[in-house]
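Following: one structure in structure tokens, then a few remarks.
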Amino acid sequence: METGNNVVKLVRDVVTRIGGSDSTDNKLCQQAHQWDRFAVNIPGTVFQLLERPDGFSSLPYISPSIFELYGLTAEQLREDASPLLSRIHPDDVEPFMASLRMARENLSAWHHQFRMVLPHNRACWRLGWAQPERLDDGSVLWHGYVQPLAERIISNEQFWRGANIDALTGLPNRGQFLSILAQNVRQAQQANTRVTLFLLDLDHFKDINEAQGYAVGDTLLFHVARRLQSCISDIVSLSRLGGDEFAMLLNGMADLSDVKAKVGDALSAFSHPFFCHGGEIHVSVSIGIAFFPDDAANSESMLRFAERAMYAAKQDGRNCYRFFMPAMQERTQKKMALAKELRRALVDYPFTLLYQPIVDLASGEVNKLEALIRWQHPERGSISPADFIPIAEETGMIGDISNWVFHTAVQDIAYWRASLNPKLRVGINLSPVLFRSGDKFIQSWVEHLSQMDLPGEALIAEITEGLLLNNSNSVIKRLDALREAGIMVAMDDFGTGYSSLSYLKKFDIGCIKIDRAFIQNLSSGSSDMALCEAIIVMAHKLGLSVIAEGVETEARRCLLAAAGCDYGQGYLFSEPRTALQVDNWVMHSYKHSELAVGLSSNEH
């Protein structure tokens, strides 16, 4: 302890000799080269930490050896101390900050033991001393010194926990779980028994993090771990693999009914809310199940197959479980092959944009079109957007594809508004992934519209209800930016997801599209008819227009028109058409001032 205090005193003496504690950036930078000559002769790390009144921290000086330890440069930390402070071990952050806060309030000497996480996730103990000094502007300047703590005072248990235990939940981490899984598989192989693996992933956890903050998300993960531990008996191991993913290992379970009972218990654990930071959070879970030796020959493939089953549960609506099936692995391989082909396609863009007219049910006019992308593969033939769009979203290719759709649609709508109908608008489907990728796509699109001398009202941005679950400031900001540019926001597939009046009100949606699932069996007096009538009345009360998708018969058109639906879209009016076919179709419909009903697909 005395050694550290002596070094701190020496640091302060040197500060006084080379210019005092002037906190201006220029003065501190000028002192840096003089500090280096002093610090090189002292083992450990010499530093000055500047805490400004607004809470921002920087390191005006730190020993050059910091780069060798953490890969961080003194220049980088001079601007912002957070890259280094974030290396404090998660378990030690709270006591570290508390001890610093107490010394700052009393302007007393600080000394504290803590762990730092070095590259490759290796944790090493440190012992620090510092003396705070309050400056004229209210900032606090710390003169300090940190030295490695002799590893002999660190217990083996502490090292083991740092390497194997998840700091947030206290559960085994991914590395430790893989060891446990491999050991249990070996034992089961010798005893000719079964190992059962549940892989659990929280549904829409990312939305909770973004909407309510990471502190709430961390608290939720902690409570999830505790509830899973208490709700299921006979668990060999419950681990947090990372993020919102947990793994549950059970031995034996020869009877499938026992497995279903256990997974039912796991799902039931999420049937009532979690209480985090004074509020209730409802969250569900998707579970994938794999067995050894039934499904997998080793622990690695077992974990991989459970993951495939978990993704299948997500695709089937979440809040459910799925057993691994060999077909899942085959689908995954096909998906990877298709992703590879899609990446190649981004070189020459062998896509086609089709347009499906949206008809005013009262007048028969066509003032709107929906743009629909198609991919004609040279060997596979036509590939449905339902197959390649999810892959594009997962792999990050959706941005390039969306830009292609936008520029192609804008070129076509500019021609149509000039030659056919100055009020024509085209709807473009926007992936939720775009709204999480930043503001650049909106900025560049608005700029391009201006270059094309097109108003924002020429476009309709079609979004899904799932995006509105992400009630984050960034999503709200980007939706506002679209509306400020004059672009209408329409909610697609309304009624199939999380339909909520609060979403329509809060996000200022301009139009809703009733999903085709409610239109396909539409008949007088049916429950679908009652739902459509209710949606139409509700939308009109909120000042929204309504488009019915999937209109295929005259009888359904009449029912929708009588209910007050504004627009219809479907094969009764027209199948999706190429841009050239749209030219002729729209010209024909305006020429005769009537609905172009029943046009054959080869009428150009």
Can you confirm whether [X] sits close enough to [Y] that some side-chain heavy atom of one is under 4.5 Å from a side-chain heavy atom of the other?
{"X": "Val446", "Y": "Glu484", "value": "no"}
{"X": "Phe573", "Y": "Pro357", "value": "no"}
{"X": "Leu199", "Y": "Leu241", "value": "yes"}
{"X": "Leu482", "Y": "Leu430", "value": "yes"}
{"X": "Thr578", "Y": "Leu354", "value": "yes"}
{"X": "Ile519", "Y": "Leu560", "value": "yes"}
{"X": "Pro576", "Y": "Arg374", "value": "yes"}
{"X": "Pro432", "Y": "Thr464", "value": "yes"}

Restricting to non-hydrogen atoms, name the atom on [X] and the atom on [Y] that form the minimum distance, rounded to 0.1 Å.
{"X": "Leu197", "Y": "Ala306", "value": "CD2-CB, 3.8 Å"}
{"X": "Ile383", "Y": "Phe388", "value": "O-CE2, 3.5 Å"}
{"X": "Asp295", "Y": "Phe305", "value": "O-CE1, 3.4 Å"}
{"X": "Ile512", "Y": "Ala539", "value": "CD1-CB, 3.7 Å"}
{"X": "Arg227", "Y": "Phe270", "value": "NH1-CA, 4.5 Å"}
{"X": "Ser86", "Y": "Pro83", "value": "OG-O, 2.9 Å"}

side-chain hydrogen bond (donor to acceptor under 3.5 Å, both in side chains) with Gln356: of Arg577, Glu575, Gln569, only one passes, and it is Gln569
Looking at Lys423 and Glu365, does any basic side-chain N land under 4.0 Å from a carboxylate oxygen? no
salt_bridge(Asp480, Arg483) N-O dist < 4.0 Å: yes
From [X] [atom1] over to [Y] [atom2], what is the distance, rounded to the nearest 0.5 angstrom?
{"X": "Leu342", "Y": "Ile401", "atom1": "CG", "atom2": "CD1", "answer": "4.5 Å"}
{"X": "Asp515", "Y": "Ile535", "atom1": "CG", "atom2": "CD1", "answer": "9.5 Å"}
{"X": "Glu533", "Y": "Cys565", "atom1": "CD", "atom2": "SG", "answer": "11.5 Å"}
{"X": "Leu572", "Y": "Arg557", "atom1": "CG", "atom2": "CZ", "answer": "7.0 Å"}
{"X": "Asn429", "Y": "Ile389", "atom1": "CG", "atom2": "CD1", "answer": "9.0 Å"}
{"X": "Ile487", "Y": "Arg425", "atom1": "CD1", "atom2": "CZ", "answer": "10.0 Å"}

Under 3.5 Å, sequence neighbours excluded: what are the donor-acceptor pairs made by side chains of residues 541-553?
unit_1, atom_1, unit_2, atom_2, d
Thr553, OG1, Arg556, N, 3.2

[X]: partners by salt bridge (charged side-chain N to carboxylate O under 4.0 Å, His left out), with sequence neighbours left out:
{"X": "Asp528", "result": "none"}
{"X": "Asp316", "result": "Arg322"}
{"X": "Glu341", "result": "Arg344"}
{"X": "Arg417", "result": "Glu457"}

Checking side-chain contact (heavy atoms from CB on, under 4.5 Å) for the pair Ile463/Phe435: CA distance, chi angles, key distance, verdict? CA-CA 10 Å; Ile463 64 172; Phe435 287 84; 4.1 Å; yes
Using side chain to side chain contact (heavy atoms under 4.5 Å, CB included) as the criterion, list what pairs up with Arg87, not counting sequence neighbours. Tyr70, Leu72, Met116
Which residues pass the side chain to side chain contact (heavy atoms under 4.5 Å, CB included) test with Glu280, sequence neighbours left out? Pro273, Phe275, His282
Sorted by chain and number, sequence neighbours left out, ring-ring contact (aromatic ring centres under 6.0 Å, His included) with Tyr321 holds for Phe323
Identify all side-chain donor-acceptor contacts of residues 405-415 below 3.5 Å with residues at least two apart in sequence or on another chain.
unit_1, atom_1, unit_2, atom_2, d
His407, ND1, Asn403, O, 2.8
Thr408, OG1, Trp404, O, 2.8
Asp412, OD2, Tyr355, OH, 2.5

side-chain contact (heavy atoms from CB on, under 4.5 Å), that's the test. Do Val426 and Leu459 meet it? Break it down for me. CA-CA 5 Å; Val426 63; Leu459 290 184; 3.5 Å; yes
Is the backbone N or O of Leu522 less than 3.5 Å from a side-chain atom of Ser526, with the two atoms forming a donor-acceptor pair by type? no
Under the side-chain contact (heavy atoms from CB on, under 4.5 Å) rule, what do Ile442 and Lys477 come out as? Steps first, then yes or no, please. CA-CA 11 Å; Ile442 296 178; Lys477 176 184 175 182; over 6 Å; no
For Asp201 and Ser286, does a side-chain donor sit closer than 3.5 Å to a side-chain acceptor? no
Would Cys558 and Glu554 count as a side-chain contact (heavy atoms from CB on, under 4.5 Å) if you check the C-alpha gap in whole Å, the side-chain angles of each, and the deciding distance to 0.1 Å? CA-CA 6 Å; Cys558 291; Glu554 177 64 19; 3.5 Å; yes
What residues form a side chain to side chain donor-acceptor pair (under 3.5 Å) with Trp416, not counting sequence neighbours? Asp583
Identify, with sequence neighbours excluded, every residue that meets side chain to side chain donor-acceptor pair (under 3.5 Å) alongside Asn319. none
Distance-only check: which donor-acceptor pairs under 3.5 Å involve side-chain atoms of residues 214-222, not counting sequence neighbours?
unit_1, atom_1, unit_2, atom_2, d
Thr219, OG1, Ala215, O, 2.9
Thr219, OG1, His277, NE2, 2.8

